[in-house]
Protein chains: 2
Amino acid sequence: MASIKHDMNDNYGLEESLQIDDQQIMSMSVKELNTLLKSMKPNDAAHIKRRRRILKNKGYAASSRNRQTSLVGNLSVERSQLVKQINQLRGDNETLSQELRGWKQRYSDLQLLTTPPTSTASQNTTTESSK
Amino acid sequence: MASIKHDMNDNYGLEESLQIDDQQIMSMSVKELNTLLKSMKPNDAAHIKRRRRILKNKGYAASSRNRQTSLVGNLSVERSQLVKQINQLRGDNETLSQELRGWKQRYSDLQLLTTPPTSTASQNTTTESSK
DNA sequence: ATGATAAGTGAGCAC
DNA sequence: GTGCTCACTTATCAT
């Protein structure tokens with residue numbers, strides 16, 4: 001058995017006979033639309049209004065999908081950037097660590113040069129202070 | 001005017017009369033299903049098969065949406081973690097920089113102590129080398 | 001009335 | 001045949 005359904009999106013010639021297309025139905029202002037609808041049979045007017053709502057909804061749905069898509073896109077891009085930044089910082093860190101080691105060494109060397117060890121014990125103490 | 005539509009989701013009593021519900025239709029194996037369908041009128045069999053497909057699709061759609069949702073969720077969480085990591089690294093960086101400055105200073109101080117300036121010019125040169 | 005979104009459905013692709 | 005995803009429709013919510 002088949003059931004009776006509302007007409008939905010099949011415009012079955014109404015719009016064609018009125019020389020109106022979807023774009024116009026959708027973009028017309030409410031004022032313009034009402035003026036137009038008053039010159040039509042109530043059923044046809046209702047049909048057009050319903051069609052307009054559906055068309056707008058279609059647009060909203062598309063926007064929603066686009067938003068969702070670019071949301072994911074943005075997050076992905078952002079992630080790449082953050083990862084890149086992390087790698088950069090890790091590099092900087094490594095560089096700084098090396099520099100730090102270097103200067104500690106230089107300091108230590110200079111210190112040894114400055115205060116030559118007088119005994120095994122004192123040498124140890126001196127080295128400790130610059131670790 | 002109204003148009004004739006396929007029956008879609010209104011099961012108009014068929015399933016009830018056969019004592020089958022959506023869950024069973026969906027989860028039955030193909031083998032079981034075929035056995036069942038052979039004992040039915042062709043139209044009813046077709047209806048059940050179509051219904052099964054629709055039910056499965058409904059599930060797929062839900063899965064798809066869940067995936068999409070958790071994708072965004074994961075990306076967001078990941079972003080937070082990355083940002084946190086960056087802040088951590090920046091802190092480390094700052095610490096290292098300060099340590100570095102400190103050691104350079106100590107080196108410089110020790111150097112000044114070791115090789116006292118003999119003239120204004122030579123003092124400048126010494127300072128330059130440790131900046 | 002308008003805009004947004006979740007859920008269901010159909011179409012069409014890939015395996 | 002099964003699973004997936006896109007586009008569309010509907011229902012529903014908020015403004």
Side-chain angles (χ1 to χ4, degrees), chain A residues 1-12 14-15 20-40 42-76, chain B residues 1-12 14-15 20-40 42-76:
Chain A
M1 183 191 291
S3 59
I4 307 297
K5 287 281 188 172
H6 297 305
D7 289 303
M8 301 199 179
N9 51 348
D10 35 284
N11 25 357
Y12 65 91
L14 174 58
E15 297 177 26
I20 301 173
D21 70 356
D22 288 350
Q23 268 310 313
Q24 298 178 45
I25 294 179
M26 204 175 93
S27 55
M28 246 186 305
S29 74
V30 192
K31 210 176 177 64
E32 293 172 316
L33 187 70
N34 282 334
T35 308
L36 176 65
L37 293 182
K38 265 176 226 151
S39 66
M40 299 170 57
N43 268 350
D44 291 349
H47 170 78
I48 295 292
K49 282 179 81 173
R50 177 168 159 72
R51 180 106 188 101
R52 177 185 164 91
R53 176 61 167 161
I54 290 177
L55 287 171
K56 293 225 168 195
N57 277 337
K58 191 201 291 192
Y60 304 145
S63 302
S64 194
R65 267 178 268 124
N66 287 337
R67 252 189 304 279
Q68 178 76 356
T69 300
S70 54
L71 170 64
V72 174
N74 289 338
L75 282 173
S76 299
Chain B
M1 184 189 290
S3 61
I4 308 298
K5 287 284 189 172
H6 296 306
D7 288 302
M8 299 203 177
N9 51 347
D10 35 282
N11 26 357
Y12 64 91
L14 174 58
E15 297 177 29
I20 302 173
D21 70 355
D22 288 349
Q23 268 310 314
Q24 298 179 46
I25 294 179
M26 204 175 92
S27 55
M28 246 187 302
S29 75
V30 192
K31 210 173 179 63
E32 293 173 314
L33 187 70
N34 283 334
T35 307
L36 177 65
L37 293 182
K38 264 177 229 152
S39 66
M40 299 170 57
N43 267 350
D44 291 349
H47 171 76
I48 294 292
K49 282 179 82 172
R50 178 169 160 70
R51 180 105 188 102
R52 177 183 163 91
R53 176 61 168 162
I54 290 177
L55 288 171
K56 292 226 167 191
N57 276 337
K58 192 201 293 196
Y60 303 145
S63 302
S64 194
R65 279 170 189 138
N66 287 338
R67 252 190 301 279
Q68 179 74 358
T69 299
S70 53
L71 170 64
V72 173
N74 288 339
L75 282 173
S76 299

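The structure presented is a predicted model; accordingly, all values stated were derived computationally and were not measured. So that the names make sense, note that chain A is the first sequence line, chain B the second, and so on, each numbered from 1.
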Can you check the [X] [atom1] to [N] [atom2] distance for me, whole Å?
| X | N | atom1 | atom2 | value |
| --- | --- | --- | --- | --- |
| B:Arg50 | D:dG1 | CZ | P | 15 Å |
| A:Arg51 | D:dT9 | CZ | C1' | 11 Å |
| A:Lys56 | D:dT9 | NZ | C1' | 17 Å |
| B:Lys31 | D:dG1 | NZ | C1' | 15 Å |
| B:Ile54 | C:dG10 | CD1 | C1' | 8 Å |
| A:Leu55 | D:dC8 | CG | P | 10 Å |

### Message
Under the criterion side chain to side chain contact (heavy atoms under 4.5 Å, CB included), I'd like the reasoning laid out for A:Arg51 against A:Asp22: C-alpha separation, chi angles, the key distance, then a yes or no.
### Response
CA-CA 8 Å; A:Arg51 180 106 188 101; A:Asp22 288 350; 2.9 Å; yes

### Message
Could you check whether the side chain of A:Arg53 and the base of C:dG3 have a donor-acceptor pair of N or O atoms closer than 3.5 Å, going by distance alone?
### Response
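Such a pair exists between side chain and base.
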
### Message
Looking at A:Ser64 and A:Tyr60, would you say the former's side chain and the latter's main chain have a donor-acceptor pair under 3.5 Å?
### Response
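Pair absent, no side-chain N/O of A:Ser64 close to backbone of A:Tyr60.
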
### Query
Does any non-hydrogen side-chain atom of B:Leu36 lie less than 4.5 Å from one of B:Ile48?
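Side chain of B:Ile48 against side chain of B:Leu36, heavy atoms only: no contact under 4.5 Å found.
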
### Query
Given side chains that start at C-beta, do those of B:Arg52 and B:Met28 come closer than 4.5 Å, heavy atoms only?
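SC-SC contact between B:Arg52 and B:Met28 confirmed.
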
### Task
Verify the contact: side-chain N or O of A:Arg52 to OP1 or OP2 of C:dA1, cut-off strictly under 4.0 Å; return yes or no.
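No.
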
### Query
Which of residues 57-69 of chain A sit near DNA chain D, with a heavy atom under 4.0 Å from it?
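Contacts with DNA chain D under 4.0 Å: A:Asn57, A:Lys58, A:Ala61, A:Arg65.
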
### Message
To check you understand the geometry: which heavy-atom pair defines the closest contact between B:Lys56 and B:Met26, and what is its length?
### Response
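Reported closest heavy-atom pair: CE-O, 3.3 Å.
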
### Task
Would you list the pairs meeting side-chain hydrogen bond (donor to acceptor under 3.5 Å, both in side chains) in which at least one residue belongs to residues 26-37 of chain B, sequence neighbours left out?
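side-chain hydrogen bond (donor to acceptor under 3.5 Å, both in side chains) check on residues 26-37 of chain B returns B:Ser29-B:Glu32.
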
